[in-house]
Amino acid sequence: MNVHAAALAKEHQFDQQTSAFASEVIDDLSQRPKRLSPKYFYDATGSELFEQITLLPEYYPTRTELSILHDRASEISALIPDGAALVEFGAGATTKVRLLLNQCKFSAYVPVDISGDFIKAQADALRNDFPALDVYPVAADFTAPFALPDTVKAMPKVGFFPGSTLGNFEPHEACAFMRSAREILGEGAQMVIGVDLEKDERVLYNAYNDSAGVTGRFNLNVLVRINRELGGNFDISAFMHRAIYNRERHRIEMHLISRKAQSVRVLGHSFSFRPGESIHTESSYKYSLDRFTALARGSGWTVRKSWTDDARMFSVHALVASD
């Protein structure tokens with residue numbers, strides 16, 4: 001942890017989550033090239049903007065994954081034991097998880113996300129619609145180890161990680177997350193995971209540079225959040241959204257580009273920007289089926305079954321923890 005950031009966080013009496021946010025922001029903006037973690041996109045505004053993104057005509061992942069989950073729900077259900085606890089890593093809106101809850105006989109649902117207020121609201125809605133289901137929201141960084149509620153520890157566990165969020169991790173981070181999820185879920189665990197597939201570059205470019213500009217607002221919102229929560233003085237109008245496809249690394253990259261030479265202060269720390277300098281905010285790796293199978297195997301999981309849409313745009317996989 002950056003000592004200067006830690007001292008300033010203590011001075012401002014931040015809570016634990018905000019202190020971690022402050023530390024990472026200062027450390028990441030001090031790097032060359034500058035970066036920010038995509039996990040901090042998802043405050044209340046960011047979560048709402050992402051839900052808008054999922055409805056855009058250019059953004060294929062959400063509707064394609066939903067169609068797979070809908071069409072294959074009975075096949076997925078056949079692989080899952082009755083009475084299991086469903087643990088969703090990075091829980092957002094409940095549209096996808098409802099497809100599983102409607103089809104499978106889960107005893108409990110554990111949504112886990114860093115945005116505690118958002119998942120609490122979603123959990124309340126699920127309790128109303130599934131009164132027999134025990135719902136235990138956990139406000140935590142799902143990329144790090146966390147404890148499951150004691151009430152579900154004796155149940156069989158099934159992880160749920162939709163949305164191709166795995167693609168936001170660097171390959172070594174993806175492997176680390178999969179290993180961590182296996183450890184959290186325990187012996188005999190299963191997992192249902194969505195993974196975006198490699199495809200035509202124009203389709204990818206349009207998905208992350210939508211004509212309505214919603215993805216741009218989503219990207220810029222992380223600077224709004226830094227200003228609000230950490231007392232930063234980013235001039236939002238002095239940065240612009242840019243998403244590009246990096247062919248060699250099989251990934252979409254999202255950047256915030258400085259429109260001019262400028263200096264920004266966050267918690268007493270100054271960061272200088274050249275015209276055209278980038279803050280790299282997110283990568284979204286795209287996988288072939290073979291590459292994902294190899295990643296799963298190297299992380300302690302075995303692929304039991306894989307499904308894709310007819311156009312092979314997206315994939316959903318049922319995994320089981322390897323012996």
Side-chain angles (χ1 to χ4, degrees), residues 38 50-51 53-80 88-90 92-93 95-100 102-104 158-171 173-175 177-178 181 190-211 214-215 243-254 282-299 301-320 322:
F50 182 72
E51 293 310 312
I53 288 171
T54 66
L55 301 176
L56 295 170
E58 300 97 330
Y59 193 78
Y60 63 86
T62 301
R63 64 175 177 270
T64 309
E65 184 178 32
L66 278 169
S67 71
I68 296 170
L69 290 171
H70 178 271
D71 294 346
R72 303 295 187 173
S74 61
E75 295 177 48
I76 295 171
S77 175
L79 300 174
I80 294 174
E88 183 172 5
F89 296 87
T95 309
K96 293 173 187 174
V97 77
R98 285 170 182 269
L99 292 173
L100 294 187
N102 280 324
Q103 189 71 34
C104 307
V158 178
F160 187 43
F161 197 44
S164 199
T165 307
L166 188 75
N168 296 148
F169 299 129
E170 293 298 317
E173 295 171 339
C175 185
F177 165 75
M178 297 284 282
Q190 297 186 54
M191 196 164 193
V192 177
I193 183 168
V195 179
D196 200 4
L197 298 175
E198 293 178 319
K199 59 184 61 65
D200 181 81
E201 292 181 22
R202 177 52 56 178
V203 174
L204 290 170
Y205 178 86
N206 290 340
Y208 292 84
N209 293 278
D210 64 276
S211 58
V214 182
T215 308
I244 60 172
Y245 184 68
N246 185 325
R247 186 180 300 106
E248 291 184 1
R249 304 194 70 176
H250 308 280
R251 72 186 191 188
I252 282 280
E253 296 175 1
M254 291 217 312
E282 183 180 62
S283 293
S284 183
Y285 282 85
K286 310 305 174 185
Y287 285 86
S288 67
L289 293 176
D290 287 344
R291 282 177 55 226
F292 174 73
T293 298
L295 171 67
R297 186 184 304 116
S299 307
W301 296 91
T302 298
V303 177
R304 297 181 68 186
K305 189 82 174 177
S306 296
W307 301 274
T308 71
D309 58 294
D310 291 341
R312 297 177 72 87
M313 300 273 281
F314 202 92
S315 60
V316 172
H317 307 265
L319 312 180
V320 62
S322 305

Completion exercise
Heavy atoms of F89 and A181 approach each other most closely as CZ-CB, 3.9 Å
Handout entry: Distance-only polar pair, side chains of E58 and Y208, donor-acceptor under 3.5 Å
Key = no
Problem - Intermediate values then yes/no, side-chain contact (heavy atoms from CB on, under 4.5 Å), K305 and L79 - result: CA-CA 9 Å; K305 189 82 174 177; L79 300 174; 4.2 Å; yes
Problem - Within residues 62-77 or reaching into it, pairs that qualify as salt bridge (Lys or Arg N to Asp or Glu O under 4.0 Å) - sequence neighbours excluded - result: E65-K96, R72-E75
Handout entry: Full working for side-chain contact (heavy atoms from CB on, under 4.5 Å) between Y59 and D210
Key = CA-CA 8 Å; Y59 193 78; D210 64 276; over 6 Å; no
Handout entry: Salt bridge present between R249 and E170 (N-O < 4.0 angstrom)
Key = yes
Completion exercise
Those residues at least two apart in sequence (or on a different chain) that pass side chain to side chain donor-acceptor pair (under 3.5 Å) with S322 are T302
Problem - Any donor-acceptor N/O pair, N168 side chain to S284 backbone, under 3.5 Å - result: no
Exercise for the section: Determine whether the side chains of K199 and Y60 contain a donor N or O and an acceptor N or O closer than 3.5 Å. Expected result: yes
Exercise for the section: Could you walk me through whether W307 and H317 pass the side-chain contact (heavy atoms from CB on, under 4.5 Å) test, one step at a time? Expected result: CA-CA 6 Å; W307 301 274; H317 307 265; over 6 Å; no
Problem - Salt bridge flag under 4.0 Å for residues E198 and R247 - result: no
Exercise for the section: Mind listing the closest non-hydrogen atom pair of L319 and V303 along with its distance? Expected result: CD2-CG2, 3.5 Å
Practice task
Check whether any side-chain N or O of N246 sits under 3.5 Å from a backbone N or O of R251 as a donor-acceptor pair, and report yes or no.
Solution key: no
Exercise for the section: Taking T293 for its side chain and L289 for its backbone only, find out whether a donor-acceptor pair lies under 3.5 Å. Expected result: yes
Completion exercise
For D196 and S164, the nearest pair of non-hydrogen atoms, with its separation, is N-OG, 2.7 Å
Problem - Minimum heavy-atom distance F314-I68, with the two atoms named - result: O-CD1, 3.6 Å
